[in-house]
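The basis for the numbers below is simple: all heavy atoms, side chains too, and nothing from hydrogens, waters or symmetry mates. A note on names: the letters A, B, ... follow the listed sequences, proteins ahead of strands, and every chain is numbered from 1.
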Amino acid sequence: MTTAIDIADLTLHHPGAEGGSPALSGITLTVQPGESVALLGASGAGKTTLLALCDGRLRGWRGQVSVLDHPLSPDKPPALSARVDTGFIFQEFALVERSTVERNVLNGRLGRMPGLAAFFGHHSAADRAVAYKAMSEAGIADLAHRRVDSLSGGQRQRVAIARCLAQEPKLILADEPVSNLDPARADDILGLITGAARARGVTAIFSSHQPDLAMRYADRVIGLRDGKLQFDRTAAEVSPQDIARIYHEAGSDAPLPPQKPGLRVVT
Amino acid sequence: MRPREASGFTLTLLIAGAVLWAFVSTEVDLARLFSSGPRIAEFLGRMWPPSPEIMSEILKGSAETLRIAILGTLGAVLISVPLGILASETMTPGFIHRPVRTVLALIRAIPLILVAMLMVGAVGLGPLPGIIAVAFHATGMLAKFYAEAIDGVARAPIDALESAGANPLLRLRYAIWPQMAPVVARDTIFRFELNLRESLVLGVVGAGGIGFYIQTYVRSFQYDKAASVTLAVILMVVVIEGFNVALRRRFS
């Protein structure tokens with residue numbers, strides 16, 4: 001593998017908003033295999049859109065995008081065999097509420113199993129071992145036979161992470177994995193995701209709107225604002241000016257002033 | 001008066017007028033109601049004690065009603081699965097699901113007893129017209145419920161399995177079916193309970209089941225036997241309802 005993600009001059013409009021300002025514009029970036037990267041920005045900056053695009057879920061964009069050395073097409077979804085290698089942790093978890101924790105985690109294995117065995121639920125000992133290792137790593141092995149609708153938000157988050165790890169992805173994408181958690185739990189979850197990725201030598205990209213957490217857990221931080229890349233540095237190099245550039249006034253809901261082109265930094 | 005108050009006043013007048021009209025034109029005579037009190041008491045008195053000697057008729061009639069409800073529900077399920085898919089907003093475009101939903105609403109608007117009378121005319125006496133009538137009548141509700149079960153499935157888990165590389169069949173098996181199955185089971189049990197209650201009266205129009213005996217005994221003035229059948233019907237409804245409450249709890 002030469003790059004985990006390679007994006008050149010990407011522009012994307014949300015469906016139905018083709019006339020307005022693009023959700024992402026002029027994005028060029030490269031992520032090396034094994035890196036842990038944080039996407040930082042306010043709500044609406046384009047973090048979720050960029051992650052969904054890397055997961056192969058969006059169409060109709062312009063530019064070149066390559067994920068795990070497979071070029072994505074703006075016209076058709078990627079092959080399922082390619083999607084298996086990209087694991088996605090959804091902000092709202094996207095679990096099957098009525099199924100057990102074990103079933104939800106095994107669902108992460110479906111793409112790696114022969115179709116008929118998967119349909120009838122015949123998971124090999126090896127499949128179960130991978131799923132149970134993922135559950136213990138996420139700290140939910142004792143919840144294996146509980147139904148997801150009986151779990152707390154933090155526990156559900158861990159089930160979603162275990163499902164992603166059970167998939168044995170080469171690239172882990174996590175959309176706002178800690179936005180609904182209190183600070184202590186947020187540390188645990190980001191430690192879990194980036195730790196699991198580093199232990200496996202795989203790439204992890206997570207989005208966040210909390211600069212301190214992004215700098216603590218990522219090797220590299222990419223700042224987005226209004227769909228444009230604002231900075232792209234190692235975590236240690238991120239300056240307070242960078243943070244100010246993407247947030248304008250931190251913690252304020254005041255409307256943002258028109259952006260000056262001179263502030264744009266594209267690496 | 002403001003327009004809102006005016007329309008409220010008109011509505012009140014209309015309702016009062018309708019009630020008065022109904023009273024006057026049916027010649028409700030309160031004196032007659034009170035004077036027939038002893039007759040009603042005597043009628044109820046003749047229903048007691050219930051006759052114990054018609055146990056075999058009761059069992060036969062109940063068994064036939066149960067068969068009508070079971071086969072009628074089965075028929076309704078078989079018709080409702082394809083119709084439910086066609087009536088679902090997420091599975092078919094508007095020019096298909098809107099007319100299908102209209103047809104289902106029309107079916108719901110026809111009372112079961114009316115369908116049964118027509119079916120007796122079409123296929124003759126016995127349980128068969130009852131089964132057809134129940135299947136037809138129940139489809140109006142069941143297909144609508146199935147369509148709602150399909151539309152109520154959350155999209156996110158399906159997308160998540162697709163993102164993990166699961167093919168469409170596996171997504172149906174592990175993301176759609178677990179969400180749908182309990183709703184479908186609960187709705188079907190509910191409809192079965194309604195079918196059983198409603199098919200109790202089918203015998204009155206000759207469409208089979210225990211209702212036939214109630215009608216026969218009342219017409220031949222054997223009120224003690226009619227009372228026995230009525231008690232059996234009440235018992236059957238209570239038992240079935242208890243059974244269904246237990247089943248539905250399992251599918252919550």
Should Pro74(A) and Arg59(A) count as side-chain neighbours, where that means a heavy-atom distance under 4.5 Å?
-> no

Just distance, no hydrogens or angles: give the donor-acceptor pairs under 3.5 Å from side chains in residues 104-112 of chain B, sequence neighbours left out.
residue   : atom : partner   : partner atom : Å
Arg108(B) : NH1  : Gly140(B) : O            : 2.8

Practice item. Mark yes or no: Arg163(A) above the aromatic ring of Phe93(A), with NZ or CZ under 6.0 Å from the six-membered ring centre and no more than 45 degrees from the axis. Key: no

Applying a strict 4.5 Å limit to non-hydrogen atoms, the region of Asp55(A) in contact with chain B is side chain

Listed by number, the residues in residues 113-135 of chain A that come under 4.5 Å of chain B (heavy atom to heavy atom) are Gly115(A), Ala118(A), Phe119(A), Phe120(A), Gly121(A)

Okay, Arg171(B) and chain A: the region with an atom under 4.5 Å from a heavy atom over there is side chain

Under 4.5 Å to a heavy atom of chain B? For Arg103(A) that would be side chain

Distance col, row Ile89(A):CD1 vs Leu165(A):CG, nearest 0.5 angstrom, shows 6.5 Å

Applying a strict 4.5 Å limit to non-hydrogen atoms, the region of Leu169(B) in contact with chain A is both

Exercise. Can any side-chain N or O of Gln179(B) pair as donor or acceptor with the backbone N or O of Ile176(B) at less than 3.5 Å?
Worked result: no

Any luck finding a side-chain donor-acceptor pair between Asp175(A) and Ser207(A) under 3.5 Å? yes

**Asked** Using 4.0 Å as the upper bound for N to carboxylate O, is an ion pair formed by Glu137(A) and Arg200(A)?
**Response** yes

